[in-house]
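First the structure, in the form of structure tokens, and then the observations on it.
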Number of protein chains: 2
Amino acid sequence: MGASGEEQRGRRDAGAGERHKPSLHMDRASSSTVTRLSSYYRLLGELQAERVETVSSGRLAERGGITSAQVRKDLSFFGNFGRRGLGYNVAQLRRKIAEILGLTRRWRVALLGAGNLGLALFAYKPFQKQGFCIEAVFDSDPRKVGEKWDGVTIRAIGELPQVAATQHFDIAILAVPESSAQDVADVAVAAGVRGILNFAPVTLTIPDHVALREVDLSIAMESLSYSLVK
Amino acid sequence: MGASGEEQRGRRDAGAGERHKPSLHMDRASSSTVTRLSSYYRLLGELQAERVETVSSGRLAERGGITSAQVRKDLSFFGNFGRRGLGYNVAQLRRKIAEILGLTRRWRVALLGAGNLGLALFAYKPFQKQGFCIEAVFDSDPRKVGEKWDGVTIRAIGELPQVAATQHFDIAILAVPESSAQDVADVAVAAGVRGILNFAPVTLTIPDHVALREVDLSIAMESLSYSLVK
DNA sequence: AGATGTGAAAGTTTTCACAGCC
DNA sequence: GGCTGTGAAAACTTTCACATCT
């Protein structure tokens with residue numbers, strides 16, 4: 001891994017009234033599978049732009065730098081999308097993956113932190129193309145508050161609860177310094193977001209019902225430097 | 001998971017003249033171990049700031065959200081840093097990890113791409129604190145070239161080879177759009193960088209002797225949206 | 001007593017290899 | 001012949017549990 005927030009897996013909570021069925025129906029894909037699914041999605045977009053209609057697991061694997069068996073296993077977890085002897089239909093598979101990843105709906109995103117990183121994320125084209133709409137920006141710096149980015153007025157972090165009451169946010173992007181990350185995360189949770197994408201290099205404590213993904217730039221860089229040390 | 005470029009592991013090339021020794025001396029840590037090592041490094045920094053002198057694997061594990069056995073296994077891969085009955089010396093262990101991760105030396109970094117993301121990375125404090133010095137910035141946009149960031153003049157990408165000839169770069173950070181990422185990566189490789197931290201959402205093809213880590217913001221976001229879909 | 005370091009066990013992910021369909 | 005879908009095997013990672021040291 002690299003810079004990455006991993007999912008907690010195998011937290012099998014043998015709930016109170018659970019009938020003891022062995023349940024082979026494993027119900028969520030592993031986080032590596034989901035990560036690769038995203039790559040496939042991107043590759044399929046490239047293929048579509050190249051007017052390729054059909055692709056084999058071998059060809060997808062080659063472009064993604066993995067094995068064809070891996071591609072087939074990943075996809076078969078979600079359904080039988082291919083046709084034996086032929087491969088996968090590019091447009092069809094891409095649509096399927098978009099559904100699985102939740103890219104067919106619009107996600108309402110609040111950006112918390114209007115520094116350099118916040119601006120970069122606000123302007124990040126791929127987010128816009130994929131249904132992630134940054135609808136509000138918050139910052140704690142009074143000098144930033146009131147400023148406008150592309151028509152969106154920067155508000156004080158303290159206003160998040162009130163704004164969230166009328167305009168619901170699914171996701172909060174946390175792009176604040178370490179020192180305030182936990183506090184701001186708490187506000188976001190209280191405001192009812194269901195997921196947090198955290199860029200602050202701290203381990204956040206948040207309730208179980210809120211999904212958390214970490215992007216840690218230092219960890220990515222350190223992993224690189226590790227691989228370069230003699 | 002998450003946004004992360006994984007290492008290719010287990011590429012055991014049974015080289016031509018290799019004597020067939022089973023070699024229990026596995027020689028590189030897994031990428032998960034390295035990622036966690038970075039977290040330990042960060043946690044130890046916090047503990048040091050709190051004037052804590054000694055820490056047990058259990059306490060480290062708790063703060064990092066994992067098990068104590070994991071912490072011990074990870075650390076024992078690199079040496080016997082603890083003392084039975086006592087735990088680990090915070091300052092000592094932190095120094096050790098810094099050495100392992102290559103944070104005791106200075107890395108000369110070239111930033112390729114001076115857009116919003118480039119600026120965010122240029123200004124990113126944790127990089128500066130950890131020996132990653134962005135010594136030069138390049139962009140292909142003629143309007144950007146000549147601009148100065150904190151005393152560093154933005155140069156044209158085409159100048160990278162000449163600049164690299166006199167001033168060696170260890171690492172290139174790629175913060176350019178997809179469309180030019182592969183070309184710019186090729187230039188960086190030709191200029192002799194040993195590692196690339198890629199932020200462009202494309203699968204780069206680079207020679208084996210150059211290390212590559214990917215930070216893909218879309219993948220991180222998509223993994224979050226996957227976990228939020230009903 | 002308290003906590004590390006580590007083989008062995010358990011669990012998870014990846015790869016192999018092939019039956020089955022196009 | 002080509003390629004998917006998938007059980008079974010292999011590889012890898014994490015956890016357990018305990019001998020060992022302070």
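Within every chain, numbering begins at 1; the chains are lettered A, B, ... in the order of the sequence lines, protein sequences first and strands thereafter.
In this structure, A:K73 atom NZ and D:dA8 atom P are separated by 11 Å, rounded to whole Å. Atom-to-atom, NZ of A:K96 to P of D:dG5 comes out at 13 Å; the value is rounded to the nearest Å. Between the C1' atom of C:dC21 and the CZ atom of A:F81 lies a distance of 18 Å, rounded to the nearest Å. The CD1 atom of A:I66 sits 15 Å away from the P atom of C:dT13 (whole-angstrom rounding). As a whole-Å value, the separation of A:F77 CZ from D:dG7 P is 14 Å. For A:N80 and C:dC22, the CG to P distance is 12 Å, given to the nearest whole Å. If you measure from atom CG of B:D74 to atom P of D:dC12, you get 17 Å, rounded to the nearest angstrom. Taking atom CG of residue B:L60 and atom P of nucleotide C:dA3, one finds them 13 Å apart after rounding to whole Å.
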task: Could you encode protein contacts along nucleotides 17-22 of chain D as a string, one character per nucleotide from 5' to 3', using B for base contact, S for sugar-phosphate-only contact and - for no contact, with a heavy-atom cut-off of under 4.0 Å?
output: B-BBBS
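Taking 4.0 angstrom as the limit, B:T67 places none of its side-chain polar atoms (N or O) nearer than this to OP1 or OP2 of D:dT14. In terms of phosphate contacts, A:Y88 brings a side-chain nitrogen or oxygen within less than 4.0 Å of OP1 or OP2 of D:dG5. Within the 4.0 Å cut-off from OP1 or OP2 of D:dT15, at least one side-chain nitrogen or oxygen of B:Q70 is found.
Within 4.0 Å (heavy atoms only), A:R59 reaches no atom of the nucleic acid at all. Using a 4.0 Å heavy-atom criterion, one finds that B:S57 contacts the sugar-phosphate atoms exclusively.
The side-chain hydrogen bond (donor to acceptor under 3.5 Å, both in side chains) test applied to A:R59 returns no partner, not counting sequence neighbours. Applying the side-chain contact (heavy atoms from CB on, under 4.5 Å) criterion to A:T33, with sequence neighbours excluded, gives A:A29, A:S30, A:R36, A:D74, A:F78. Not counting sequence neighbours, the partners of B:Y124 by the ring pair (Phe, Tyr, Trp, His ring centres under 6.0 Å) test are B:F127. In terms of the side-chain contact (heavy atoms from CB on, under 4.5 Å) criterion, residue partners of B:R72 (sequence neighbours excluded) are, by chain and number, B:S57, B:S68, B:A69, B:Y88. Looking at residues two or more places apart in sequence or on another chain, you find a side-chain contact (heavy atoms from CB on, under 4.5 Å) between B:N89 and B:A91, B:Q92.
A donor-acceptor contact closer than 3.5 angstrom links the side chains of A:E222 and B:S38. For the residue pair B:T203 / A:R42, a side-chain donor-acceptor distance below 3.5 Å is found, with atom types taken as modelled.
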